[in-house]
Amino acid sequence: MRTPLIAANWKMNLGAADAQKFISAFVPKVEGIRGVQVLLAPQAPLLPQLVSAVKSTPIQVAAQNCGADKSGAYTGDVSPVLLHELGVKWVILGHSERRHVFGETDSLIQARLKAALKETLSAILCVGETLEERKKGETLKVVARQLGALQSGTWVEGYDFKNFAVAYEPVWAIGTGETATPAQAQEVHHFIRGWLTENVGEGEAQVIRIQYGGSVKPDSAEALMSEKDVDGLLVGSASLKPEVFAEIVQNAVKSGSDWKNDKDRFK
Ligand code: PGA
């Protein structure tokens, strides 16, 4: 049974006062919702504030990136050791903006992932094709190349794969208002599950959550989550307003409770 993982990626939005207001409005709206794991990823300087603000709730805090080493001359990076020390549980890696705006390569992203796992941070690895790559029919090839970060040398001994997720985020759907259809998402998620089965392990592939991201809104959340291999959502712009993000969490779990009765779902 995979618990739905719904994450808010605030990107370079929401200041200290906004974040506090968000928490005050959001927590009461989601407090009663069961069977879902919720993450909030603020800008890095707000991480300690958020960790403290959600301390008495099941909500966990995620960083939007982390350094590829414990310490050293890496101006602008944040050490995974420090994140762990601050009580940050998760880190988002390989986001399309990191790849396409900041030029992060597959090998750098893999190094960041390895460093994060060593410090026992849970990680979300983002993958996804550009519009041009989709048009050329290269979606699955691109996703497979990006999943290469998960080769055998990446994992630490005895790793608990509940602490790892892949987010499929087609670049053409991010911040564009154009969501992938549930069928388009399922096709790639199914491919990712198959890739994980072959390259990471059969049991592992059943435990790893695969999130969809790209213009998710409350209206699209339920249908996306109803797909067999969609186990969560990574939400950007619609996560900035507490009432909208709370509705997404609520809608995601609506379909989640359906899956629990579907014995075939995880076959
Ligand atoms: P979006 O962003 O929901 O604004 O499209 C998603 C993401 O980049 O994680």
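For clarity, every value in this text was computed on a predicted model and none was experimentally measured. Excluded from the calculations below are hydrogen atoms, water molecules and symmetry mates; all remaining heavy atoms, backbone and side chain alike, are included. Start at 1 and go down the list; that is how both ligands and their atoms are numbered.
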Open item on the list: Need the ligand 1 atom indices (1-based, order shown) with element for anything under 4.0 Å from a heavy-atom of G214.
Closed with: 5 (O)
Task: Nearest protein heavy atom with distance in Å, relative to atom 2 (O) of ligand 1 - done: K11 NZ, 3.2 Å
Task: Salt-bridge present (E119, K70; N to O < 4.0 Å) - done: yes
Open item on the list: Within the 4.0 Å heavy-atom shell around A173, which atoms of ligand 1 are there?
Closed with: 5 (O)
TODO: With side-chain hydrogen bond (donor to acceptor under 3.5 Å, both in side chains) as the test, would you mind laying out the steps for E169 and H95 before giving the verdict?
DONE: CA-CA 8 Å; E169 297 204 301; H95 188 276; 3.3 Å; yes
- [ ] For atom NZ of K217, decide whether the heavy atoms of other residues, nucleotides or ligands shown that lie under 6.0 angstrom number more than 12.
- [x] yes
TODO: Around atom 3 (O) of ligand 1, find the nearest protein heavy atom and jot down its residue, atom name and distance.
DONE: G236 N, 2.9 Å
Open item on the list: Within the 4.5 Å heavy-atom criterion, are D229 and R2 side-chain neighbours or not?
Closed with: yes
Open item on the list: For A205 versus T197, what's the shortest heavy-atom pair and its separation?
Closed with: CB-OG1, 3.3 Å
Open item on the list: Evaluate E169 for polar contact with ligand 1, using N/O atom pairs at a separation under 3.5 Å.
Closed with: yes
TODO: Please work out which of H95, Q211, K217, Q64 has its closest non-hydrogen atom nearest to atom 8 (O) of ligand 1.
DONE: H95
Open item on the list: At less than 4.0 angstrom from any non-hydrogen atom of N9, what atoms of ligand 1 do you find?
Closed with: 9 (O)
Task: Whether over 12 other heavy atoms sit under 6.0 Å from E243 CD - done: yes
Open item on the list: Could you identify the single nearest non-hydrogen protein atom to atom 4 (O) of ligand 1 and state the distance to 0.1 Å?
Closed with: S237 N, 2.9 Å
Task: Atoms of ligand 1, numbered as shown, that sit under 4.0 Å from any heavy atom of S215 - done: 1 (P), 3 (O), 5 (O)
Open item on the list: Using side-chain heavy atoms (C-beta onward) and a distance below 4.5 Å, is E129 in contact with V188?
Closed with: no
TODO: Answer yes if L224 and V171 sit in the same cluster of Ile, Leu, Val, Met, Phe, Trp and Tyr residues linked by side chain heavy atoms under 4.5 Å apart, and no otherwise.
DONE: no
Open item on the list: Within the 4.0 Å heavy-atom shell around G175, which atoms of ligand 1 are there?
Closed with: 1 (P), 4 (O), 5 (O)
TODO: Would you kindly specify which portion of I174 sits under 4.0 Å from ligand 1, judged on non-hydrogen atoms: side chain, backbone, both or neither?
DONE: both
